[in-house]
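In what follows, a single structure is set out as structure tokens and then discussed.
Remember, it's a predicted structure, so these values are computed and weren't measured experimentally. In the text below, chain A, chain B and the rest are named by the order of the sequence lines, each starting its count at 1.
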Number of protein chains: 2
Amino acid sequence: MASAESPRRDPALILDLFWGTTPPPRRGPRGGLTVARVVAAAVEIADAEGLEAVSMRRVAEALGVTTMSLYRYVPGKDELCELMLDHAAVPPGTDDWPVAWRPRLERYAHELHGTYLAHSWMLDVPVSGPPIGPNSLGWMEVALETLDRTGLGEADIFRALTVLTGYIRYDAGIVHALTRAEPRTGVAPEEWGHVYGQMLGRVIDDGRFPTLARIAGSDVFAQQASVEEDFAWGLEFILDGVAAMVAERGAVGRDRATPGEEA
Amino acid sequence: MASAESPRRDPALILDLFWGTTPPPRRGPRGGLTVARVVAAAVEIADAEGLEAVSMRRVAEALGVTTMSLYRYVPGKDELCELMLDHAAVPPGTDDWPVAWRPRLERYAHELHGTYLAHSWMLDVPVSGPPIGPNSLGWMEVALETLDRTGLGEADIFRALTVLTGYIRYDAGIVHALTRAEPRTGVAPEEWGHVYGQMLGRVIDDGRFPTLARIAGSDVFAQQASVEEDFAWGLEFILDGVAAMVAERGAVGRDRATPGEEA
DNA sequence: AAAAACCGTGTACGACGTACACTCGGTGTA
DNA sequence: TACACCGAGTGTACGTCGTACACGGTTTTT
């Protein structure tokens with residue numbers, strides 16, 4: 001079952017890291033550092049200068065400590081990055097959010113999208129699995145709680161959640177890439193439609209991409225919209241899908257849907 | 001307009017790299033290498049040992065050349081990685097594909113999903129913008145051509161395409177992360193549902209995640225499915241959304257939809 | 001024949017992640 | 001109270017990475 005070859009990081013230990021549930025040491029001096037302080041320092045650097053500026057030396061320097069001392073609190077840089085993700089993704093308060101599932105989910109999507117863009121280095125951290133940290137799960141809770149208001153069954157909820165999450169992340173990733181490329185290209189993300197259409201036009205003159213050529217020749221790329229509007233369009237598509245599912249299942253208004261019974 | 005501070009890589013030059021449209025040199029010895037050979041060697045390494053095994057030295061060694069000679073053909077490692085992406089993403093032949101848009105799009109999604117998983121290092125390459133290489137555009141052409149069969153307008157087509165692409169990539173990314181973690185955790189991607197549910201149960205005993213706790217307690221995570229089936233579920237959600245859009249617009253069967261006219 | 005353009009080489013630098021052996025201060029037990 | 005020990009933080013070192021730079025050698029144009 002459990003492979004014995006793992007050199008470091010038992011998945012149970014890494015869970016402790018995320019939740020701070022490591023039992024305190026019983027002897028020796030109390031350390032001046034904590035996992036939280038290390039992670040916070042790393043996040044600060046990433047927010048200011050991007051993920052590539054985060055190195056173990058740099059984080060240690062910011063804390064006034066030697067590089068190697070960080071390894072007392074974090075198994076390695078990969079784990080540090082995962083912890084950074086959870087640390088930066090503080091879930092939003094939902095007190096003033098709409099109550100109905102659709103505007104509420106819309107709000108959720110924009111909020112998460114905005115969080116990604118506010119800490120866009122998050123999009124550079126390779127995903128290492130489903131969320132397990134308290135903050136990430138906090139986001140998940142909000143999404144699930146909202147989707148639960150549709151009355152859909154758990155399976156449907158998760159399908160929608162996956163699609164939605166994927167879209168949010170993907171779109172934010174594109175925006176981030178374009179934003180990062182701006183100093184090199186001199187093209188703002190909003191202008192990318194134009195430029196992209198022109199690039200395509202210059203390059204696909206042979207007959208290999210007929211549909212693409214036709215569409216690139218149309219004005220789809222030309223109509224400049226804000227990043228947020230572009231995002232909202234795809235989002236509406238997904239929300240429509242959820243609504244359709246709700247209508248089909250006849251779900252909203254029913255009690256807790258008990259999956260498995262009834263067609 | 002154009003920022004003068006770019007140390008290297010004019011976006012026009014990088015386009016030439018992708019399309020091999022650099023005019024041949026007019027003097028000097030003909031080089032034994034080509035961009036294509038360099039990229040191919042890098043892809044071969046990545047396919048065999050993952051993206052982290054791809055270093056300039058390693059690629060050069062595989063080609064029997066010095067490290068620095070690669071820089072005659074490629075501006076740097078980042079650009080090499082982008083080129084690798086396009087090189088590896090060979091678009092599929094569609095001769096034996098279904099004709100109707102829905103099964104055809106389904107086929108497309110599974111094919112792309114499979115390509116990502118077959119060269120899973122592709123998911124480790126940070127996205128640098130919309131597709132511009134010939135192969136990437138080949139995929140895009142297939143998707144657009146298929147979506148065009150719905151009769152939807154260009155804007156709707158692109159909304160659907162973005163959501164679909166995001167989902168495919170996101171799901172593949174998760175599977176890849178779990179697969180890569182398997183040697184460490186001893187948990188196969190298919191078993192992750194179980195384990196994840198248990199992890200959540202262990203960690204969220206307080207009242208902060210009521211919905212999550214309830215759903216984690218249900219059997220959603222428990223019902224083991226293959227990776228491909230899991231993917232298909234979310235995919236159906238998206239295809240349903242497209243179908244709903246088609247029904248609403250009354251699009252299929254009409255001539256080329258002319259956007260802007262008619263409600 | 002001379003000059004220009006270009007390919008590939010060799011060396012070198014700074015930065016990275018982290019393994020390892022160590023010192024020293026604080027704490028629980030004898 | 002004495003002491004043994006555990007653990008926090010240090011210092012050094014190794015191997016690897018991307019790539020800047022100056023240089024010979026080869027091919028083509030003038």
What is the distance, rounded to the nearest whole Å, between atom [atom1] of [X] and atom [atom2] of [N]?
{"X": "B:L63", "N": "C:dT9", "atom1": "CG", "atom2": "P", "value": "11 Å"}
{"X": "A:D78", "N": "C:dC16", "atom1": "CG", "atom2": "C1'", "value": "13 Å"}
{"X": "B:L51", "N": "D:dC17", "atom1": "CG", "atom2": "P", "value": "13 Å"}
{"X": "A:M56", "N": "D:dC14", "atom1": "CE", "atom2": "P", "value": "21 Å"}
{"X": "B:R27", "N": "C:dA3", "atom1": "CZ", "atom2": "P", "value": "12 Å"}
{"X": "B:E61", "N": "C:dG10", "atom1": "CD", "atom2": "P", "value": "14 Å"}
{"X": "A:E79", "N": "C:dG17", "atom1": "CD", "atom2": "P", "value": "13 Å"}

Sequence neighbours excluded, every pair satisfying salt bridge (Lys or Arg N to Asp or Glu O under 4.0 Å) that has a member inside [range]:
{"range": "residues 60-76 of chain A", "value": "none"}
{"range": "residues 127-143 of chain A", "value": "none"}
{"range": "residues 112-140 of chain A", "value": "A:D124-A:R180"}

Margin query: If you only use heavy atoms from C-beta on, which nucleotide in D:dT19, C:dG17, C:dC7 is closest to the side chain of B:Y71?
Written below: D:dT19

Check: Quick one: which of D:dT28, C:dG17, D:dT30 gets closest to the side chain of B:R26?
Finding: D:dT30

Note to self: Looking at A:S136 and A:I132, would you say the former's side chain and the latter's main chain have a donor-acceptor pair under 3.5 Å?
What the structure shows: no

Next item on the list: Without swapping roles, check the side chain of A:Y170 against the backbone of B:I168 for a donor-acceptor pair under 3.5 Å.
Entry: no

Would you tabulate the side-chain donor-acceptor contacts of residues 31-43 of chain B under 3.5 Å, counting partners in other chains and residues two or more places apart, or write 'none'?
residue, atom, partner, partner atom, Å
B:T34, OG1, B:R37, N, 3.1
B:R37, NH1, B:G32, O, 2.9

Next item on the list: Output all residues satisfying ring-ring contact (aromatic ring centres under 6.0 Å, His included) with B:H87, sequence neighbours left out; order by chain, then residue number.
Entry: none

Check: Sequence neighbours excluded, which residues qualify as side chain to side chain donor-acceptor pair (under 3.5 Å) partners of A:D16?
Finding: A:T21

I'd like a table of donor-acceptor pairs (distance under 3.5 Å, sequence neighbours excluded) in which one partner is a side-chain atom from residues 48-57 of chain A, with atom names and distances.
residue, atom, partner, partner atom, Å
A:E49, OE1, A:R58, NH2, 3.1
A:E49, OE2, A:R58, NH2, 2.3
A:S55, OG, A:R58, N, 3.1

Filtered N/O pairs between nucleotides 10-13 of chain D and protein, under 3.5 Å:
residue, atom, partner, partner atom, Å
D:dT10, OP1, A:T66, OG1, 3.3
D:dT10, OP2, A:T66, N, 2.7
D:dT10, OP2, A:T66, OG1, 2.4
D:dT10, O5', A:T66, OG1, 2.8

Notebook entry, point to check: When you measure from every atom of DNA chain C, which of residues 30-38 of chain B have a heavy atom less than 4.0 Å away?
Noted result: B:G31, B:G32, B:L33

Notebook entry, point to check: Of B:L70 and B:P29, whose nearest nucleotide on DNA chain C comes first from the 5' end?
Noted result: B:P29

